Amino acid sequence: MNLQLVTRNPELSTRNMKICTNCILPETFPGISFNSEGVCNHCRQFDAKRSKLAGGRKRFEQKFLDLLTQLINQSASQRSYDILMAYSGGKDSTYTMSLLKNKYRLRILAVTFDNGFISETAVANIKKITDKLGIDHIFFKPGWETLKKIFSKAATEELYSRKSLERASTICTSCMGIVKSLCLKTAIEMDIPMVGFGWSPGQAPLQSSIMKNNPPLIRMAQQAILNPLKETAGDEINTYFLHEKHYSDPEKFPFNVHPMAWEFYNENMIMNEIKKFGWVAPEDTDSNSSNCLLNAFANDVHIKRYGFHPYVWEIANMVREGIMARKEGYEKIYQEQSADLINIAKEKLFESD
Ligand SMILES: [Zn+2]
């Protein structure tokens, strides 16, 4: 068996970590166990589920087409947009948006959350792609002082549940929590019946790829993010979350959709497709982001805090599903975070001005 014992990231290599021989989950991942061949419990469970997944993709594509028909029948002419796209300018959301526009012919309002760390190349991509695809677009940028408080707090302590830290860094979870509620709130206010996300198949499962937002669940999810952030950034953070009036009409809650779960996916296909629209890969971001300059620092904090990379769950899922080569996944996860990127983020977050 080819047990991978050498890692290049000094933070991750200090203990000559055991890494699953099938996916890339390390022994430091919470709750993991290995069999005598070095295969982790998640891979063993996946083999049992694999047959169920086959064919599921086609079913979800049909489910989406049925939803579109249903929404068109519900007075589409009274609405300005069919879908609000959470558009980061990264490769996955760019690809997703091109599908929604060109394959599904939807009227899209793209919204980009500017967290103060969008790569310049990503900003150029956002402008270019929305123009090329003929899509209306909004940049939403909260005041920097609020973001600074949130990110610097998330960099120094854990704010969320154990489960959330297995899936993403505390900084990412904070940012995404605001993005998700902001998109939901805007969709409700603007009467847009769907919110689109570019989640990769490793980030979010097929089963959740078309879901109507459920008000009681949203209320709970919001509290989990809002309460810790409020302690840090004060009541002004309420601005980005739902208010009581938004809950008054559950019918207005949109569907969340992430089409990459059922569309065929591999990294090369996506790259080839989005390059046709002029998308350029940023050279200044880390290996797991194609838009955010804060990500390397967020990863570094997480690795030091928990001993595993915050993207390892996502990437391991993709390796296990056969949509990313193990070698490629391994390189994305077990390489050193750029010291330059880490320093840029630290200076911006902790400068005393
Ligand atoms: Zn595994």
Side-chain angles (χ1 to χ4, degrees), residues 57-58 60-69 71-72 76 79-114 118-140 176 179-180 183 186-187 190 192-204 206 208-211 254-283 285 288-292 314 318 321 323-324:
R57 291 185 175 204
K58 263 269 155 284
F60 272 85
E61 182 176 0
Q62 188 55 49
K63 197 176 162 185
F64 187 54
L65 292 169
D66 293 345
L67 174 64
L68 298 185
T69 309
L71 293 174
I72 286 164
R79 295 189 298 262
S80 306
Y81 300 102
D82 302 311
I83 190 162
L84 184 153
M85 178 72 207
Y87 186 45
S88 72
K91 63 179 168 51
D92 292 341
S93 63
T94 298
Y95 179 69
T96 300
M97 197 166 72
S98 73
L99 281 174
L100 294 172
K101 177 74 184 186
N102 291 336
K103 180 174 176 182
Y104 295 105
R105 304 277 160 200
L106 300 181
R107 298 169 300 170
I108 302 169
L109 175 65
V111 176
T112 302
F113 183 76
D114 183 350
I118 306 182
S119 135
E120 272 177 34
T121 314
V123 172
N125 281 332
I126 287 165
K127 291 182 176 166
K128 207 181 325 175
I129 301 291
T130 47
D131 274 347
K132 195 91 176 176
L133 293 173
I135 287 171
D136 295 348
H137 175 255
I138 295 172
F139 263 116
F140 185 91
M176 283 314 306
V179 170
K180 283 194 265 185
C183 288
T186 309
M190 293 182 71
I192 304 175
M194 293 183 285
V195 178
F197 293 96
W199 306 133
S200 79
Q203 276 173 316
L206 184 61
S208 68
S209 60
I210 304 170
M211 294 257 264
F255 285 83
N256 278 1
V257 298
H258 51 92
M260 290 235 294
W262 70 80
E263 296 289 341
F264 175 74
Y265 174 95
N266 76 49
E267 199 111 322
N268 285 341
M269 189 193 83
I270 286 177
M271 287 298 193
N272 289 339
E273 190 59 25
I274 63 181
K275 277 177 186 165
K276 286 185 203 159
F277 309 120
W279 190 87
V280 177
E283 288 178 353
T285 54
N288 291 285
S289 175
S290 44
N291 61 301
C292 180
E314 174 190 353
M318 300 221 272
E321 287 189 33
I323 50 187
M324 184 182 288

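We use all heavy atoms of the structure for the numbers below, so side chains are in, but hydrogens, waters and symmetry mates are not. The model shown is predicted, which means the values in this text are computed figures rather than measured ones.
Defined by atom type and a distance below 3.5 Å, a donor-acceptor pair is present between the side-chain atoms of S200 and E314.
Atom-to-atom distance recorded for D136:CG and M85:CE is 15.0 Å, nearest 0.5 angstrom. Interatomic distance, OG of S290 versus CD1 of I274, reported as 7.0 Å (0.5 Å rounding). L106 contributes atom CG, which lies 5.0 Å from atom CE of M194 (distance to the nearest 0.5 angstrom). The structure places CD1 of I135 at 5.5 Å from NZ of K101, a figure rounded to the nearest 0.5 Å. Between atom CG of residue L100 and atom OH of residue Y95 there is a gap of 10.5 Å, rounded to the nearest 0.5 Å. Atoms CE and CD, on M271 and E273 in that order, are 13.0 Å from each other to the nearest 0.5 Å.
Taking the side chain to side chain donor-acceptor pair (under 3.5 Å) definition, one finds that R107 meets it with D82, sequence neighbours left out. Residues satisfying the side chain to side chain contact (heavy atoms under 4.5 Å, CB included) test with T112, not counting sequence neighbours, are Y87, I118, I126, H137, F139. Shown here are the ring pair (Phe, Tyr, Trp, His ring centres under 6.0 Å) partners of F197, two or more places apart in sequence or in another chain: W199. Every residue was checked against the side chain to side chain contact (heavy atoms under 4.5 Å, CB included) condition with D131, not counting sequence neighbours, and none meets it.
A 4.5 Å side-chain heavy-atom check between I192 and T186 finds every atom pair outside the cut-off. Looking at heavy atoms from C-beta onward, L133 lies in side-chain contact with S98 at the 4.5 angstrom threshold.
Formation of a donor-acceptor pair under 3.5 Å by the T96 side chain with backbone atoms of S93 is not found in this model.
The two residues G89 and N291 have their closest heavy-atom pair at C-CB, 4.5 Å. The two residues G198 and Q203 come nearest to each other via the heavy atoms O-OE1, 4.3 Å. Smallest separation of non-hydrogen atoms from A187 and L84: N-CD1, 4.0 Å. In terms of heavy-atom proximity, M190 sits nearest to Y81 at CE-CE1, 4.2 Å. Here the shortest heavy-atom pairing between I108 and M97 reads CD1-O, 3.8 Å.
Applying the side chain to side chain donor-acceptor pair (under 3.5 Å) test to residues at least two apart or on different chains, the pairs with a partner in residues 119-130 are S119-D284.
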Donor-acceptor list for residues 255-264 side chains, cut-off 3.5 Å, not counting sequence neighbours:
from	atom 1	to	atom 2	distance (Å)
N256	OD1	N213	ND2	2.9
H258	NE2	S208	O	3.2
H258	NE2	S208	OG	3.2
W262	NE1	Y104	OH	3.2
E263	OE1	K103	NZ	3.1
E263	OE2	K103	NZ	3.1
E263	OE2	Y104	OH	2.6

